[in-house]
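Here is the structure we will look at.
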Amino acid sequence: MMDKHYDPKAVEEKWYAWWESHGCFHAEPKDGGESYSIVIPPPNVTGILHMGHALNETIQDILTRWRRMQGRNVLWLPGTDHAGIATQSVVEKSLDKEHLRRQDLGREKFLERVWQWKEKYGGTIVHQQRKLGNSTDWQRERFTFDAGCSKAVTKVFVQLFKEGLIYKGPYIVNWCTHHQTALANDEVEHEENHGHLWYIRYPVVGSDKGVSGEPYRDYVMVATTRPETLPGDTAVAVNPKDERYAHLRGKKVILPLTGREIPVVEDDYVEKDFGTGIVKITPAHDPNDFLVGKRHDLPIVNVMNGDGTMNADSGRYVGMDRFVCREEIVKDLEAGGYLDHIEDYDNQVGHCYRCHKVVESRLSKQWFVKMKPLAEPAIAAVRTGEIQFVPKRWENVYFNWMENIQDWCISRQLWWGHRIPAYYLKAEIEAKAENPVFVVEETPEAALAAMREKTGNAALTAEGICQDEDVLDTWFSSWLWPFSTLGWPEQTDDLKFYYPTCDLVTAQDIIFFWVARMIMAGYHFMGQPPFRKIIIHGIVRDDQGRKMSKSLGNSLDPLELIDSYSADALRFSLALITSLETDSRVSKSKFEIGRNFATKIWNAARFMQMNLEKNPGIIDAHAIAAGDFTLDPALLRDDDRHVLWTLQSVLATMNDHLEKYRLQDGALAIYDLIWNKFCDWYLEYAKQDLSGEDEARRKQVLTLMTAVFSSALKLLHPYMPFVTEELWHQMGYGKDGESIMLAPWPTAYTPEQNQAWGLSQEIATYIDNKRELITAGRALRSDYNIAPSKLVTYLIQTVDDETARRFTSELDTLRQQLRAEEITITVGGEHLAMPCTVCKQGTIYLSLKGQVDAAAELERVRGELVKTRGFLKGVEAKLSNESFVSRAPEAIVQQQREKKVELEATIERLTKLEAAFAAAQ
RNA sequence: GGGCAAUUAGCUCAGUUGGUUAGAGCAUUACCUUCACACGGUAGGGGUCACUGGUCCGAGUCCAGUAUUGCCCACCA
């Protein structure tokens with residue numbers, strides 16, 4: 001006998017291992033069929049599973065399991081990202097404990113350590129993903145730094161370079177003067193800094209006075225937080241719309257302390273209302289100034305060394321530390337009469353995340369990809385709808401970024417990553433040549449040959465050249481993910497069959513980093529989109545709406561949730577509480593929904609099993625689950641028809657919801673079917689027959705329950721794979737231990753079956769009405785404070801004969817359920833002089849003999865009459881609108897006509913009622 | 001500063017082309033430990049759908065404006 005409470009732990013472990021070992025997740029092109037493929041957004045190899053992954057992967061798994069059951073050839077490809085900075089930092093931190101720096105080990109030894117780390121700990125997240133139940137094809141697991149992906153990366157780099165789309169150029173990076181290395185943006189911590197704004201006068205060239213020590217009459221005033229970079233100024237800038245400085249157009253100013261003449265340029269970057277509205281431009285020491293300099297073709301003067309001391313171009317400050325220099329320059333400016341005044345000023349200043357020294361903006365040479373030519377087809381693809389965002393509004397975000405796209409800086413001064421396949425003459429590098437000769441090739445051998453040709457030195461050996469020290473941005477491998485993982489650049493069967501992939505599921509935070517770039521790479525290298533639909537889901541937040549983060553300590557751990565509630569519960573609850581439209585707030589208790597649901601299903605199965613054990617061999621569960629069963633129409637009751645009909649309508653709704661990625665609605669639909677329709681209504685209804693003497697009827701009920709429940713399990717399987725699989729076997733639905741995950745997705749009954757069994761919307765509506773009638777009857781009792789034990793007399797009045805007939809045929813049941821000694825059923829409006837309650841749609845009226853509130857009923861009927869008349873007016877207006885009648889589809893017009901007739905009948909009925917109530921009053 | 005979204009029950013959220021009585025889960029109240037399930041059942045309470053105005057026979061839904069909140073982008077030299 002099954003236990004009262006479902007114990008998911010053992011079950012989930014058992015079935016995952018079973019699925020994996022039976023190759024249930026594995027996909028092969030040779031199996032044919034229509035392909036459905038998704039590549040997983042590869043989590044960082046350093047990562048541990050968080051709620052974001054749980055949501056993201058649950059969505060993908062629901063889609064893939066559903067499609068697989070539909071018979072598609074499904075591939076969901078897993079893998080991880082080598083995550084350059086993150087991984088390197090983790091390993092460097094572990095070196096810290098040994099008081100080692102990576103430089104002490106050297107590049108090769110250090111990389112060995114990282115690989116060791118990856119082998120040891122890199123599997124953490126993929127093991128955690130298994131606990132979620134992901135049906136990813138683990139035989140195809142990939143890593144962005146594995147041999148295949150690395151080959152693709154190198155090939156792409158060389159191709160883009162040869163196409164002229166990759167170039168090497170100057171760029172401002174975050175520079176730590178202590179570690180003497182570039183830092184990525186996320187390695188820079190911004191802290192509030194209590195500093196100053198120095199207001200400095202720059203004399204305008206041509207001014208009448210120019211003697212040092214005297215105030216200039218004609219000058220511009222510049223405000224700066226970094227006076228020490230002044231010797232590197234190569235312009236001052238104003239906003240072109242700033243009327244105050246219109247007279248400066250085309251003029252030059254004198255750079256204080258140096259005597260150099262620098263131009264006044266106009267640039268939108270300048271904020272009119274900040275400081276004086278004039279900015280000094282120091283292209284070598286500020287990223288924005290660098291861009292201004294680029295736009296205006298300004299010279300770049302670097303005044304600082306890598307260690308934060310001033311260099312020769314700073315003039316007399318050479319050798320000073322940058323902060324000493326700041327004080328000296330301010331002193332000199334004051335002495336020269338250039339310093340106007342100083343204000344206190346707070347701003348954000350970047351600090352190194354490791355040594356907390358102020359990060360310097362430093363000019364360096366970096367590699368770039370020209371993005372404009374790549375962006376054009378990618379923009380067109382979304383415009384034409386070849387690729388679609390779901391929800392659609394993200395297209396705006398995408399266009400906004402793509403149309404203003406900047407070149408992509410792809411080089412990183414790290415060791416862990418794909419090394420840039422550029423090769424130099426070793427002699428030139430050692431001599432620190434300004435612009436060393438280089439070649440870009442896929443292999444060192446090819447590079448040597450190319451270099452020999454380029455330099456005309458046939459005697460050049462492999463020792464004479466060296467590879468670029470930098471590695472590529474991690475995204476430079478992930479943007480190839482949809483095809484590099486399928487074997488590109490080889491033209492594999494996988495690639496032919498599964499590319500383009502179908503859906504990409506991700507959160508909005510990597511639309512730029514990843515999604516947009518994959519689209520560009522897809523079109524450029526494959527000539528085809530990487531995927532058709534982009535499903536953007538929200539972010540999982542805590543119950544106060546904050547992002548989950550380690551530092552806030554508000555993270556929910558999916559593994560903990562799986563431990564306390566089960567993976568099924570986590571998945572189902574996530575699906576139920578998240579929509580694509582908004583972020584979701586979650587708290588631990590939310591996951592009880594899924595757990596309780598699993599228990600409910602478990603117990604429904606237990607109930608059925610108990611009854612099957614009492615009737616051994618009465619049905620063939622497997623055959624019924626496979627759709628091979630007959631029902632005797634003579635034995636069918638309306639409640640049977642109702643549940644069969646409801647199952648079919650839920651199936652249709654689920655398909656529609658899943659097609660449109662409304663996973664939440666799908667979850668709700670199956671939840672309602674199983675809990676409310678099947679357990680609360682049908683199982684309760686069936687109890688009387690199951691304990692009855694009629695064996696044919698018992699068999700019929702058990703057949704029907706098996707048919708409905710097995711279909712419901714299938715509909716639920718994408719959401720709750722484990723418990724459905726367990727019950728599938730417990731109930732003997734799969735022949736010879738076949739898995740539910742490969743069972744065919746349910747289909748609607750044939751028209752013949754529907755007809756033979758008398759299934760129709762009318763029957764379903766009748767049962768709904770009956771439920772409502774019983775509820776209303778109970779409510780009436782409580783309204784009039786009548787004890788449940790007391791027998792009363794009900795009057796039921798229906799609008800149509802058919803409903804009256806059905807009620808009459810069930811008088812005994814109704815009497816029992818309403819605890820009535822007498823029930824009178826009539827048709828039409830005359831009888832009802834003492835109405836008390838009205839069921840839905842105004843087609844059934846129920847009253848309790850001797851209990852009337854005619855005044856209230858009169859008021860309500862009048863309200864209803866007003867509404868109905870208004871509605872009728874609208875329909876009439878529509879029908880008298882010529883353009884509607886002539887242009888709208890005939891079916892719609894007909895519908896309106898029918899509605900009109902119906903409304904007129906309703907009004908007539910209500911009018912009679914009104915009169916009856918008025919008389920009663 | 002630019003853009004996007006949200007505002008519906010105590011809480012978290014649905015509400016698909018405007019349509020008759022606005023739904024769910026949790027929480028809550030009463031009753032029920034009835035032989036599938038108290039992680040349960042039955043019945044109930046709780047909403048001027050942020051505000052103002054507009055269009056319409058009819059607005060949670062469409063339009064305009066206001067307020068509040070959140071996010072993204074660009075960021076003040």
Side-chain angles (χ1 to χ4, degrees), chain A residues 1-2 4-6 197-198 222-226 229 236-237 269-282 286 288-289 292 345 347-348 391 393-394 396-397 400-401 404 508-509 511-512 538-539 541 543 545-547 565 569 573 576-579 581-587 589-590 592-611 656-657 660 662 664-665 667-668 671-672 676 679-680 683-684 687 691 774-775 778-779 781-783 788 838-842 860 863-864 866-878 899 903 906:
Chain A
M1 188 61 221
M2 292 159 70
K4 207 154 101 174
H5 281 251
Y6 168 53
L197 261 184
W198 285 270
V222 169
T224 183
T225 53
R226 302 206 50 202
T229 62
V236 296
Y269 154 68
V270 182
E271 294 288 328
K272 284 196 294 190
D273 303 325
F274 187 87
T276 60
I278 304 183
V279 194
K280 72 191 206 49
I281 300 298
T282 323
D286 181 277
N288 291 305
D289 291 9
V292 173
Y345 183 66
N347 63 347
Q348 298 275 320
R393 63 186 155 89
W394 293 110
N396 294 330
V397 178
N400 214 335
W401 190 71
N404 299 298
Q508 47 95 7
D509 54 346
I511 290 178
F512 305 140
I539 294 169
R541 300 178 173 280
D543 52 5
R546 299 173 305 180
K547 222 169 173 168
Y565 298 123
S573 303
L576 194 69
I577 63 183
T578 58
S579 78
E581 297 300 328
T582 51
D583 293 348
S584 314
R585 298 185 180 199
V586 302
S587 57
S589 61
K590 281 279 162 62
E592 288 172 8
I593 303 171
R595 181 202 56 186
N596 295 355
F597 188 37
T599 308
K600 186 75 184 178
I601 302 160
W602 182 262
N603 278 292
R606 204 161 78 103
F607 173 73
M608 283 187 275
Q609 208 181 49
M610 280 170 57
N611 281 287
D656 186 45
H657 289 321
K660 291 174 178 146
R662 294 193 301 244
Q664 182 181 41
D665 294 343
L668 205 58
Y671 183 86
D672 180 60
N676 299 326
C679 293
D680 285 353
L683 290 189
E684 291 304 323
K687 276 178 182 173
S691 58
I774 289 161
T775 303
R778 288 171 180 159
R781 276 180 180 277
S782 91
D783 282 354
V838 182
C839 287
K840 201 171 195 173
Q841 295 162 343
R860 198 181 46 189
E864 208 176 320
V866 169
K867 258 182 221 159
T868 314
R869 281 184 181 136
F871 195 22
L872 178 65
K873 205 171 158 191
V875 173
E876 280 171 342
K878 221 173 229 173
K899 215 162 210 174
L903 287 168
T906 307

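Residue numbers start from 1 in every chain, and the chains themselves are labelled A, B, ... in the order their sequence lines are given, proteins ahead of strands.
- Between Asn288(A) and rC76(B), a side-chain N or O to OP1/OP2 separation shorter than 4.0 Å is present.
- Of the inter-residue distances, the one linking Asn676(A) atom CG with Tyr671(A) atom OH reads 7.5 Å to the nearest 0.5 angstrom.
- Nucleotides rU7(B) and rU17(B) are separated by 15 Å at their P atoms, to the nearest Å.
- Spacing of P atoms, rU42(B) relative to rC26(B), comes out at 12 Å, to the nearest Å.
- Only the C1' atoms considered, rG45(B) is 13 Å distant from rA27(B), to the nearest whole Å.
- Pairing of rC35(B), defined by two Watson-Crick or G-U wobble distances under 3.5 Å, is not identified with any nucleotide.
- Base pairing of rU20(B) is not made with any nucleotide, judged by Watson-Crick or G-U wobble geometry with both donor-acceptor distances under 3.5 Å.
- Distances shown here put a side-chain N or O of Asn596(A) below 4.0 Å from the OP1 or OP2 atom of rG40(B).
- Contact annotation: Lys600(A) side-chain N/O to rG41(B) OP1/OP2 distance is under 4.0 Å.
- Between Trp401(A) and Phe512(A), the ring planes lie parallel to each other; the angle is under 30°, not in the 30° to 60° tilted range.
- Heavy atoms of Asp680(A) sit under 4.0 angstrom from primed sugar atoms or phosphate atoms, though from no base atom.
- The base of rA5(B) does not come close enough to the side chain of Gln508(A) for any donor and acceptor atom to sit less than 3.5 Å apart.
- Residue whose closest nucleotide on RNA chain B sits further toward the 5' end, between Lys687(A) and Trp394(A): Trp394(A).
- The CG atom of Asp672(A) sits 13 Å away from the C1' atom of rA14(B) (whole-angstrom rounding).
- Within 4.0 Å (heavy atoms only), Gly277(A) reaches at least one base atom of the nucleic acid.
- Across all strands shown, rU61(B) remains unpaired; no Watson-Crick or G-U wobble contact has both distances below 3.5 Å.
- When the C1' atom is used for both rA9(B) and rG53(B), the distance is 27 Å, rounded to whole Å.
- When the nucleotides rC37(B), rA77(B), rC13(B) are ranked by their closest atom to the side chain of Thr224(A), rA77(B) comes out on top.
- Residue Tyr6(A) contributes atom OH, which lies 17 Å from atom P of rG40(B) at whole-angstrom precision.
- Looking at Leu576(A) and Leu668(A), their side chains come closer than 4.5 Å, going by heavy atoms from C-beta outward.
- Atom CG in Leu197(A) sits 9.5 Å away from atom OG1 in Thr276(A) (nearest 0.5 Å).
- Set against rC4(B), rC76(B), rC37(B), the side chain of Arg393(A) has rC4(B) as its closest nucleotide.
- As judged by a 4.0 angstrom heavy-atom cut-off over every strand, Ile577(A) is placed among residues making no nucleic acid contact.
- rC71(B) and rG3(B) make up a base pair, with Watson-Crick or G-U wobble contacts both under 3.5 Å.
- Of all nucleotides listed (rA36(B), rU12(B), rC13(B)), rU12(B) comes nearest to the side chain of Lys590(A).
- Of the candidate nucleotides rC73(B), rC37(B), rA36(B), rC37(B) has the atom lying nearest to any side-chain atom of Thr599(A).
- Listed nucleotides rA24(B), rC37(B), rC76(B) differ in distance to Glu684(A); the shortest reach to its side chain belongs to rC37(B).
- In this structure rA27(B) sits in no base pair that meets the Watson-Crick or G-U test at under 3.5 Å.
- Nucleotide rA5(B) holds its P atom 18 Å from the CG atom of Asp509(A), rounded to whole Å.
- Distances were taken from every side-chain heavy atom of Arg662(A) (C-beta onward) to each of rU16(B), rG3(B), rC72(B); the shortest belongs to rU16(B).
- With rounding to whole Å, Tyr671(A) atom OH is found 8 Å from rA24(B) atom C1'.
- Annotation: rA14(B) and rC49(B) have their C1' atoms spaced 13 Å apart (nearest Å).
- Between rG18(B) and rC11(B), the distance separating the two P atoms is 30 Å to the nearest Å.
- Rounded to an integer number of Å, the gap from CD1 of Ile601(A) to C1' of rG40(B) is 15 Å.
- Following rounding to the nearest Å, Leu668(A) (CG) and rC26(B) (P) show an atom-to-atom distance of 12 Å.
- With RNA chain B read from its 5' end, the first of the two nearest nucleotides for Arg226(A) and Asn676(A) is the one closest to Asn676(A).
- Although no hydrogens or angles enter the test, the distance criterion places a donor-acceptor pair under 3.5 Å between the side chain of Asn603(A) and the main chain of Thr599(A).
- In this entry the distance linking CH2 of Trp401(A) with C1' of rA74(B) reads 14 Å, nearest Å.
- Distance check, rounded to the nearest 0.5 Å: CG of Asn596(A) to CD1 of Ile601(A) gives 11.0 Å.
- A salt bridge links Arg662(A) with Asp656(A): the distance from a Lys NZ or Arg NE/NH1/NH2 to an Asp or Glu carboxylate oxygen falls below 4.0 Å.
- Under the Watson-Crick or G-U wobble criterion, with both distances below 3.5 Å, rU55(B) is left unpaired in every strand shown.
- Nucleotides rU61(B) and rG54(B) are separated by 14 Å at their P atoms, to the nearest Å.
- Not one side-chain nitrogen or oxygen of Tyr565(A) sits closer than 4.0 Å to the OP1 or OP2 atom of rC39(B).
- Across all strands shown, Asn396(A) has no heavy atoms under 4.0 Å from either base or sugar-phosphate atoms.
- Between Arg595(A) and rC39(B) there is no side-chain polar atom (N or O) within less than 4.0 angstrom of OP1 or OP2.
- For the pair Lys687(A) and Phe607(A), the cation sits on the ring face: its NZ or CZ lies under 6.0 Å from the ring centre, inside 45° of the axis.
- Here the nucleotide nearest the side chain of Ala604(A), chosen from rA36(B), rU12(B), rC72(B), is rA36(B).
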Inset, instruction - Begin with the C-alpha distance, continue with both residues' side-chain angles, and end with the deciding distance and a verdict on side chain to side chain contact (heavy atoms under 4.5 Å, CB included) for Asp286(A) and Thr229(A). - result: CA-CA 9 Å; Asp286(A) 181 277; Thr229(A) 62; over 6 Å; no
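- Distance Gln664(A) CD to rA24(B) P: 15 Å, rounded to the nearest Å.
- Closest to the side chain of Val270(A), from the set rC39(B), rA77(B), rA5(B), is rA77(B).
- Nucleotides rG23(B) and rG15(B) have their C1' atoms positioned 7 Å apart, rounded to a whole Å.
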